[in-house]
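In what follows, a structure is listed as structure tokens, so that the remarks can point back to it.
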Amino acid sequence: MTNVALITGINGQDGTYLSEFLLKKGYTVHGIRRGNPQQDIKSKNDIHLHYSDLTDYAELVKIIQETQPDEIYNLAAQSNVKISFERPEYTTLTNALTPLKILEIIRTLGLEKKTRFFQASTGELFGNSQEIPQKESTPFYPKSPYAVSKLYAYWICVNYREAYDIFACNGILFNHESPIRPENFVTRKITKSAARIKKGLQDRLYLGNLNAKRDWGFAGDYVEAMWLMLQQDKPDDYIIATGKAHSVRELVEFAFREVDIEIKWEGEGLNEVGKDTSNGRILVEIDPAFYRPVEANALVGDSSKARELLGWEPRVTFEELVRMMTRNDINLLFDN
Ligand code: F7E
């Protein structure tokens with residue numbers, strides 16, 4: 001008998017990697033994406049697509065009832081922290097209420113013993129943390145509407161596990177990136193700009209806080225951890241991270257090095273610029289529009305628990321990740 005998985009946010013970065021991973025494991029994969037409900041169930045690359053808006057509870061009931069999944073992965077979210085300050089209510093409705101709805105459906109359809117649930121939680125829960133690196137025991141202090149919405153999602157998952165014995169797990173995922181990361185996240189914005197600047201298609205890269213430090217891993221490694229959590233004897237919550245923090249500034253330096261440009265920094269604060277050492281041209285500038293009303297502290301995760309209990313560890317290093325992404329962006333430009 002093959003296992004059936006249902007993935008929300010199937011079209012996103014993580015949905016793409018996870019569906020590939022599960023198909024290779026022999027799963028029947030169903031995915032929910034936004035779009036035209038008239039198109040109903042479609043099959044694309046062996047994935048059964050269901051077109052639905054996650055705010056539609058009745059449709060969600062129908063999809064779960066029909067597919068009878070063994071595993072549900074809730075990856076759908078308004079996942080951009082900056083956008084969450086501009087659209088706090090939409091962010092909350094999507095991020096906080098979708099896991100509640102799914103858990104409630106598992107319960108009301110009597111699937112508690114059959115269906116295991118994965119919630120894509122986030123290192124952003126530790127926004128104001130003074131403890132570095134952050135562990136599962138580190139107190140949460142979210143610093144954006146995004147993080148606050150994910151805090152509700154985290155606790156509702158724990159609550160349904162305790163109250164109804166549902167196999168529900170939070171993967172507290174720190175930043176995870178890939179060549180298919182959208183450009184409104186800083187990694188892809190930088191790697192794509194480095195490639196475009198190298199090719200003469202762009203003059204400058206405008207960024208916000210260069211000093212922000214994040215723990216960046218490879219999305220392909222992180223989806224494996226999601227799956228591993230649902231294969232254990234007991235449900236639990238795990239931090240998934242590389243344990244190494246890098247600044248946005250370092251990310252810029254690494255990406256430009258991949259296109260043979262050495263960056264040197266001059267000036268301070270809003271006037272800081274990144275110059276091409278070979279000719280003094282300014283390639284990186286600060287635009288305060290990319291600052292957030294409030295920024296999370298240095299986020300870096302301690303994934304010892306996942307390493308020990310799941311046998312998981314990240315394979316791709318920060319350097320390899322930046323190289324992979326920048327090379328892909330160069331190839332995309334040369335292919336077109
Ligand atoms: O920002 C700084 C920015 O937007 C990273 C999501 O997957 O990971 C992600 O959230 C850092 C921040 O991701 C620009 O201020 C500077 O400190 O790539 P990001 P994020 O906010 O860390 C967590 C774990 C999630 O859960 C989220 O869903 O880079 N930064 N200049 C910039 N960021 C952006 N986007 N654009 C800039 O120009």
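Just so we're clear, the structure is a prediction, and the values are computed from it rather than from any experiment. Along the sequence shown, the residues carry numbers beginning at 1. One-based numbering, in listed order, for ligands and for the atoms of each.
- Annotation: atom 31 (N) of ligand 1 to nearest protein heavy atom, G208 N, 2.8 Å.
- The distance from ligand 1 to the heavy atoms of S79 drops below 4.0 Å at these ligand atoms: 6 (C), 27 (C), 28 (O).
- Set against the non-hydrogen atoms of Y146, the atoms of ligand 1 under 4.0 Å away are 25 (C), 26 (O), 27 (C), 28 (O).
- A salt bridge is absent between K244 and D215; no separation between the charged side-chain nitrogens and carboxylate oxygens falls under 4.0 Å.
- When all heavy atoms of M229 and C169 are compared, the closest pair comes out as O-SG, 3.8 Å.
- By the neighbour-count criterion of 12 heavy atoms within 6.0 Å, atom OH of Y141 is sparsely surrounded, having that number or fewer from other residues, nucleotides or ligands.
- Within the 4.0 Å heavy-atom criterion, neither part of H176 lies near ligand 1.
- The shortest N/O to N/O separation between L207 and ligand 1 does not fall below 3.5 Å.
- Only side-chain heavy atoms of R181 come within less than 4.0 Å of ligand 1; its backbone N, CA, C and O stay farther off.
- Not a single heavy atom of D287 sits closer than 4.0 Å to an atom of ligand 1.
- Between E266 and K275 there is a salt bridge, since at least one side-chain N of the basic residue sits less than 4.0 Å from a carboxylate O of the acidic one.
- Residue-level proximity to ligand 1 for Y291 is absent, since no heavy atom of it falls below 4.0 angstrom.
- For ligand 1, the polar-atom distance check against N80 finds no nitrogen or oxygen pair separated by under 3.5 Å.
- Counting heavy atoms closer than 4.0 Å to ligand 1, residue R292 contributes side-chain atoms (C-beta onward) but none from N, CA, C or O.
- Listed by atom number, the atoms of ligand 1 under 4.0 Å from E295 heavy atoms are 3 (C), 12 (C), 15 (O), 17 (O).
- Taking 4.0 Å as the cut-off between side-chain N and carboxylate O, K189 and E177 do not count as a salt-bridged pair.
- Looking from atom 10 (O) of ligand 1 to the surrounding protein, the closest heavy atom is V81 CG2, 3.7 Å.
- Here the side chains of F218 and T242 are not in contact, with every heavy-atom distance at 4.5 Å or above.
- Aromatic ring centres of Y154 and F140 lie closer together than 6.0 Å.
- Atoms of ligand 1 found under 4.0 Å from any heavy atom of K189 (numbered from 1 in listed order, with element): 37 (C), 38 (O).
- By the 4.0 Å N-to-carboxylate-O rule, K82 lies close enough to E86 to be salt-bridged with it.
- Which parts of ligand 1 touch T122 is read off a 4.0 Å heavy-atom cut-off, strictly below it: atoms 23 (C), 24 (C), 25 (C), 26 (O).
- Ring-plane geometry between F254 and H246 is classed as perpendicular, the angle between the planes exceeding 60 degrees on a 0 to 90 degree scale with a lower cut at 30.
- Proximity of K82 to ligand 1 is not established, as no heavy-atom distance is less than 4.0 Å.
- Checking each of Q119, R107, E112, E104 against Y160 for a side-chain hydrogen bond (donor to acceptor under 3.5 Å, both in side chains) leaves exactly one that passes, namely E104.
- Of all the heavy atoms of K150, none lies under 4.0 Å from any atom of ligand 1, so neither backbone nor side chain is involved.
- Geometrically, ligand 1 and N184 share a nitrogen or oxygen pair separated by less than 3.5 Å.
- The existence of a salt bridge linking D329 and R188 is confirmed by a sub-4.0 Å separation between a basic side-chain nitrogen and an acidic carboxylate oxygen.
- By heavy-atom distance, the residue among L210, V248, N95 lying nearest atom 2 (C) of ligand 1 is V248.
- Taking every non-hydrogen atom of L173 and a distance limit under 4.0 Å, the qualifying atoms of ligand 1 come out as 24 (C).
- With hydrogens left out, the protein atom closest to atom 32 (C) of ligand 1 is V186 CG2, 3.4 Å, a heavy atom.
- Residue Y73 holds its OH atom at 11.0 Å from CG of L6, rounded to the nearest 0.5 Å.
- For A212, no nitrogen or oxygen atom sits less than 3.5 Å from a nitrogen or oxygen atom of ligand 1, counting backbone and side chain alike.
- Between N175 and ligand 1, at least one N/O pair is under 3.5 Å apart.
- Checked by atom type, the side-chain pair R87/T91 shows no donor-acceptor distance below 3.5 Å.
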